[in-house]
Amino acid sequence: MPKRAAAKRRQIAQISPSRAARLFRLLGLMGESPPKSRDALMQNLGIGLRTFYRELQLLKRCGIRVSLSEKTYRLHATLEHAQGRLPFPDPRLSFAEAQELVEGSGPASSRILELLNKVMGKDR
């Protein structure tokens, strides 16, 4: 795997499950039509102004573009694409669970296998 691709996938932030759920809901709201105002988004999520802007900053760091037009917020990409860029909370897997996951096929299984091998010292 090229180093450049691995760097792009590097976790942007360690987030809690509740924050991941809030970000997921925020994207869902911003992906709806018509676009929503800051106050409507904050009310739907039950958050304050500081948290709202902190979440927007994290979305930006994740490469999720959000536009502000006429006091409403809208996603630049599709909802599916934006959700795919969100960080995922640490699932706190055991070694046995990680080994079970690497038996699958696909890029996620390969990434787990690579990490598992690195942790177990098998990458040398």
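The structure displayed is predicted, hence computed values, not measured ones.
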Contact summary for [X] and [Y], nearest pair of heavy atoms:
{"X": "Arg92", "Y": "Asp90", "value": "N-OD1, 2.8 Å"}
{"X": "Pro89", "Y": "Ala20", "value": "CD-CB, 3.6 Å"}
{"X": "Leu101", "Y": "Ser109", "value": "O-OG, 3.2 Å"}
{"X": "Leu79", "Y": "Leu27", "value": "CD1-O, 3.3 Å"}

Close side-chain approach of [X] to [Y], heavy-atom, < 4.5 Å:
{"X": "Ser37", "Y": "Lys71", "result": "no"}
{"X": "Leu49", "Y": "Arg38", "result": "yes"}
{"X": "Ile15", "Y": "Leu58", "result": "yes"}
{"X": "Leu59", "Y": "Leu26", "result": "yes"}
{"X": "Arg111", "Y": "Leu115", "result": "no"}
{"X": "Arg74", "Y": "Val66", "result": "no"}
{"X": "Arg19", "Y": "Arg54", "result": "yes"}
{"X": "Leu113", "Y": "Gln99", "result": "no"}

Donor-acceptor pair, side chain of [X] and main chain of [Y], under 3.5 angstrom:
{"X": "Thr72", "Y": "Leu68", "value": "no"}
{"X": "Gln43", "Y": "Ala40", "value": "no"}
{"X": "Arg65", "Y": "His76", "value": "no"}

Gap between atom [atom2] of [Y] and atom [atom1] of [X] - 0.5 Å precision:
{"X": "Ser67", "Y": "Glu70", "atom1": "OG", "atom2": "CD", "result": "10.5 Å"}
{"X": "Gln57", "Y": "Glu55", "atom1": "CD", "atom2": "CD", "result": "11.0 Å"}
{"X": "Leu116", "Y": "Glu97", "atom1": "CG", "atom2": "CD", "result": "12.0 Å"}
{"X": "Leu29", "Y": "Asn44", "atom1": "CG", "atom2": "CG", "result": "5.0 Å"}
{"X": "Glu32", "Y": "Leu75", "atom1": "CD", "atom2": "CG", "result": "10.5 Å"}

Original post:
Run the side chain to side chain donor-acceptor pair (under 3.5 Å) check on Ser18 and Ser16 step by step: do they pass?
Top reply: CA-CA 5 Å; Ser18 61; Ser16 68; 3.1 Å; yes
Taking atom [atom1] of [X] as the centre, does the number of heavy atoms from other residues, nucleotides or ligands within less than 6.0 Å exceed 12?
{"X": "Glu100", "atom1": "CD", "result": "no"}
{"X": "Tyr53", "atom1": "OH", "result": "yes"}
{"X": "Arg22", "atom1": "CZ", "result": "yes"}

Subject >> Ring centers of Phe52, Tyr73 separated by less than 6.0 Å >> reply: yes
